[in-house]
Colleague: 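Let me begin by handing over the structure; questions about it come next.
Lettering follows sequence order; numbering is per chain, from 1. These numbers come from the heavy atoms of this one structure, side chains and all, not from hydrogens, waters or symmetry mates.
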Number of protein chains: 2
Amino acid sequence: MSGTDQGRGGHPVTMRDVAKAAGVSVATVSHVVNDKPGARIGDDTRKRVQDAVAELGYRPNALAKTLSQGSSRFIGLVADAIATTPFAGQIIHGAQDEAWKHGYVLLVANTEGNPGVENDAIAMMLEHQVLGILYSTWFHREIAVPEALHQTDTVLVDCFADGSGLPAVVPDEEQGGRTATEELLAAGHRRIAFLNTTTPSPAQSGRLAGYRTALESAGIAFDERLVLPAVPEQEGGYAATPGVLASGATAVFCHNDRVAMGLYDGLRENGLQIPADIAVVGFDNQDVIAAHMRPPLSTVALPHYELGAAGVRVLLGLEGDVETVRVACPPVRRQSV
Amino acid sequence: MSGTDQGRGGHPVTMRDVAKAAGVSVATVSHVVNDKPGARIGDDTRKRVQDAVAELGYRPNALAKTLSQGSSRFIGLVADAIATTPFAGQIIHGAQDEAWKHGYVLLVANTEGNPGVENDAIAMMLEHQVLGILYSTWFHREIAVPEALHQTDTVLVDCFADGSGLPAVVPDEEQGGRTATEELLAAGHRRIAFLNTTTPSPAQSGRLAGYRTALESAGIAFDERLVLPAVPEQEGGYAATPGVLASGATAVFCHNDRVAMGLYDGLRENGLQIPADIAVVGFDNQDVIAAHMRPPLSTVALPHYELGAAGVRVLLGLEGDVETVRVACPPVRRQSV
DNA sequence: CTGAAAGCGCTAACAT
DNA sequence: ATGTTAGCGCTTTCAG
């Protein structure tokens with residue numbers, strides 16, 4: 001291999017070392033290393049420098065660079081629950097990819113919703129001169145903005161704070177609800193139950209609104225008795241089975257995939273086939289389950305990756321100065337409809 | 001609120017500003033801000049400085065600090081799949097918490113296993129003067145170490161590379177397999193089937209070894225016909241149902257929770273009750289499913305959080321100079337046994 | 001007890 | 001076409 005693998009042991013190779021080795025000044029090295037636009041460097045000199053760089057295994061010190069340039073290449077991401085859900089990971093991933101694409105690096109902090117930790121995390125990011133901070137939650141909700149966030153540019157991801165003036169990137173719950181319902185409508189169903197969550201949230205109201213809109217567009221009267229409450233877990237879906245059976249629905253839109261999973265069990269116990277006897281669509285497109293249920297669950301995806309990516313785009317000012325960005329929730333068709 | 005909220009707009013408050021405001025030198029400010037051990041600073045001076053800091057809303061510039069100190073407070077974490085699994089998130093979380101505890105900050109990079117991205121990520125970390133790198137995978141396996149990793153301290157997390165000399169932190173698969181089996185043994189089962197994965201891996205061989213050990217310790221002869229192959233997904237578990245029924249087993253240890261989930265379906269279709277008719281244990285303790293199956297699944301947890309945390313401890317030299325750290329997989333008792 | 005000054009690795013005018 | 005020279009914000013001897 002080439003290079004002397006400096007970096008371990010003796011001090012790291014600096015620009016000055018390269019300059020000395022190439023017999024030029026550090027300014028010259030800086031110019032060739034950064035491929036400066038208006039940099040008139042002789043071909044031979046350039047080559048000498050490049051050789052020295054390769055020879056010594058030189059690596060620029062990003063910290064020194066940002067210090068002298070004044071602007072850093074960090075973007076902070078504070079998340080409330082990296083661990084407890086598969087969702088946060090997708091947000092990180094999207095943010096990561098997008099940041100990278102623009103030459104930025106993510107500084108991630110997990111706070112588990114603890115305000116103390118949250119403040120420390122934000123402080124740490126500020127001390128690292130982040131360009132701005134993405135504040136994200138693992139499920140879509142309204143939040144109280146931590147005071148410290150006002151000290152830098154902030155964009156809210158998967159959450160919002162009305163009146164805070166902070167831009168927010170959130171999933172389009174209403175469109176999602178509409179989409180889910182339309183999938184069922186398209187399959188010919190007219191009597192569609194909606195197993196909605198019992199927890200007040202943008203998801204609860206948004207998806208319901210979407211459900212109604214879809215129905216109306218199809219010329220079907222909204223029937224309140226078709227929207228059934230369910231604790232948003234497998235247990236809730238299972239428990240709701242008698243209700244959906246009694247409702248006479250031929251299809252059901254579940255608040256999320258876990259509810260659908262519970263409902264599958266309940267339906268199966270009653271000898272019903274999906275989708276022959278009754279169709280089911282979920283919401284979230286949760287990896288571990290949706291694709292592997294029997295039959296694989298048709299659902300609507302929560303666009304976490306996109307939320308993260310859009311978040312950094314907004315932070316970088318690439319989306320204009322929007323107030324709220326709503327990201328679409330696309331349908332994922334499998335075999336339960 | 002106190003402080004003038006500098007940091008937005010006009011240039012950030014520097015140490016020099018504080019010094020000027022307090023009528024002292026920057027050296028003095030540095031001393032009081034960092035609470036330097038051998039720092040003889042008069043009480044009044046100290047207070048003047050502290051007041052100025054509060055007044056101006058001064059924040060130390062972490063980048064400048066590390067530049068002048070030479071050593072950075074960054075630890076890199078490169079992961080192959082933040083997005084596709086809930087597991088990686090736990091590793092990050094554990095690493096994050098532990099790093100934080102020691103005053104370090106995590107630089108996370110997701111590579112999706114792409115070698116090109118991987119190299120860029122490592123380069124970026126090196127340029128940011130990380131103290132070392134945690135290289136992690138989302139499932140336990142042997143890897144080929146990227147060349148670039150040799151340029152800094154590295155610890156492998158949830159993977160290993162024999163002969164590389166790099167320390168590795170991995171789950172104790174054998175103990176896990178033993179534990180799972182023992183849970184069944186303890187419930188009185190003697191004829192225990194093992195639905196093992198068809199994919200060669202430390203998990204495949206380790207868990208099998210643990211299963212055998214547990215059986216032997218209980219004085220039960222190993223019966224090859226009881227270990228059945230299963231694709232490590234719900235589908236595999238479902239498909240294996242006839243086999244376990246034919247085996248005459250009264251309990252089954254599944255290679256992972258998803259297999260158990262599929263098996264649940266298969267068993268239920270055959271009118272079998274869990275655990276009355278047949279007991280089931282899984283492996284992984286996968287959040288979204290294990291706790292919510294009916295009945296909730298007893299399983300063995302993959303200690304991802306601990307892997308991440310132990311990884312940084314090893315990197316910081318807090319664990320002595322170990323070669324391989326095996327982290328225990330604890331049983332999680334629910335209601336399927 | 002406090003301040004002056006050198007320097008960390010790099011960039012960016014400004015000279016040459 | 002290349003070199004000189006200031007800094008960037010902070011730490012750290014070393015004087016006073």
Colleague: With a 4.0 Å cut-off on heavy atoms, is A/T66 in touch with a base, just the backbone sugar-phosphate, or nothing at all?
Modeller: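 Touches nothing.
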Colleague: To the nearest Å, give me how far apart CG (A/N61) and P (D/dG9) are.
Modeller: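 Checked: the CG to P distance equals 16 Å.
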Colleague: OP1 or OP2 of D/dC10 versus the side-chain N and O atoms of B/S30: is any pair under 4.0 Å?
Modeller: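 Answer no for this pair, as no side-chain N or O of B/S30 is under 4.0 Å from OP1 or OP2.
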Colleague: Between A/T14 and C/dC10, is there a contact of a side-chain N or O with OP1 or OP2 at under 4.0 Å?
Modeller: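 Checking A/T14 against C/dC10: at least one side-chain N or O falls below 4.0 Å of OP1 or OP2.
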Colleague: Under 3.5 Å, is there a donor-acceptor pair between the A/Y305 and A/D97 side chains?
Modeller: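 There is such a pair between these side chains.
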Colleague: Per the salt bridge (charged side-chain N to carboxylate O under 4.0 Å, His left out) rule, which among B/D44, B/D51, B/D43 passes with B/K47?
Modeller: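 Result: among B/D44, B/D51, B/D43, B/D51 is the only option passing the salt bridge (charged side-chain N to carboxylate O under 4.0 Å, His left out) with B/K47.
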Colleague: If only side-chain N and O atoms count, and only distance matters, is there a donor-acceptor pair under 3.5 Å linking B/D158 with B/H140?
Modeller: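 The answer is no; no qualifying pair exists.
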Colleague: Nearest to the side chain of B/S25 - C/dC10, C/dA4, D/dT2?
Modeller: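 Looking only at side-chain atoms, B/S25 lies closest to C/dA4.
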Colleague: What is the distance, to the nearest angstrom, from the CG atom on B/L63 to the C1' atom on D/dC10?
Modeller: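 Taking CG of B/L63 and C1' of D/dC10, I get 11 Å after rounding.
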Colleague: Would you indicate which nucleotide in D/dG9, C/dC10, C/dG3 comes nearest to any side-chain atom of B/V24?
Modeller: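 So the side chain of B/V24 is nearest to C/dG3.
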Colleague: Please pick, from C/dC10, C/dC8, C/dA4, the nucleotide with the shortest atom-to-atom distance to any side-chain atom of A/S68.
Modeller: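 The listed nucleotide nearest to A/S68's side chain is C/dC10.
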Colleague: Indicate, with a heavy-atom threshold strictly under 4.0 Å, whether B/G70 touches base, sugar-phosphate, or nothing.
Modeller: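 Here B/G70 touches no strand at all.
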Colleague: Starting at CG of B/D43 and ending at C1' of C/dT2, how long is that distance when rounded to a whole Å?
Modeller: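 Result: 14 Å.
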Colleague: Taking A/V117's backbone N and O only, do any of them form a donor-acceptor pair with A/T111's side chain (distance below 3.5 Å, no angle check)?
Modeller: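 Looks like no, no N/O pair under 3.5 Å.
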Colleague: Quick one: A/R73 CZ to C/dT11 C1', roughly how many Å, whole number?
Modeller: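 Atom CZ in A/R73 sits about 14 Å away from atom C1' in C/dT11.
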Colleague: Side chain of B/H31: nearest nucleotide among D/dT12, C/dA4, D/dC10?
Modeller: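 Between D/dT12, C/dA4, D/dC10, the one nearest the side chain of B/H31 would be D/dT12.
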Colleague: For the residue pair B/E98 / B/Y104, report whether a side-chain donor-acceptor contact shorter than 3.5 Å exists.
Modeller: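 No donor-acceptor contact under 3.5 Å links the two side chains.
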Colleague: Kindly point out which of D/dT4, D/dC10, C/dC10 is positioned nearest to the side chain of A/A27?
Modeller: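 For A/A27, the side-chain atoms sit closest to D/dT4.
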Colleague: Please check the phosphate of D/dC8 (OP1 and OP2 only) for any side-chain N or O of B/R16 closer than 4.0 Å.
Modeller: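 So the side-chain polar atoms of B/R16 do come within 4.0 Å of the phosphate oxygens OP1 or OP2 of D/dC8, strictly under.
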Colleague: Whole angstroms only, please: what is the CD1-P distance between A/I41 and D/dA1?
Modeller: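 Rounding to the nearest Å, CD1 of A/I41 and P of D/dA1 are 9 Å apart.
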Colleague: Does A/N34 have a side-chain nitrogen or oxygen under 4.0 Å from the phosphate oxygens OP1 or OP2 of C/dT11?
Modeller: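 Checking C/dT11 against A/N34, a side-chain N or O does come within under 4.0 Å of OP1 or OP2.
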Colleague: Taking atom P of C/dG9 as reference, at what distance in whole Å does atom CG of A/L56 sit?
Modeller: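 After rounding, the reported distance stands at 14 Å.
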Colleague: Around atom CG of B/D321, are there more than 12 heavy atoms from other residues, nucleotides or ligands closer than 6.0 Å?
Modeller: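 Atom CG in B/D321 is not packed in, count stays at 12 or less.
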Colleague: Closest-nucleotide mapping onto DNA chain D: is B/K36 or B/A64 further toward the 5' terminus? I mean the 5' end.
Modeller: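 Its nucleotide being nearer the 5' end, the pick is B/A64.
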Colleague: Which of the following nucleotides, D/dG9, C/dC10, C/dG3, is nearest to the side chain of B/L67?
Modeller: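 So the side chain of B/L67 is nearest to D/dG9.
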Colleague: What is the distance, rounded to the nearest whole Å, between atom CD of A/Q129 and atom P of D/dG9?
Modeller: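 Taking atom P of D/dG9 as the reference, CD of A/Q129 is at 9 Å.
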Colleague: Could you tell me the separation between the NE2 atom of B/H128 and the P atom of C/dG9, rounded to a whole number of Å?
Modeller: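 My rounded result for the distance is 16 Å.
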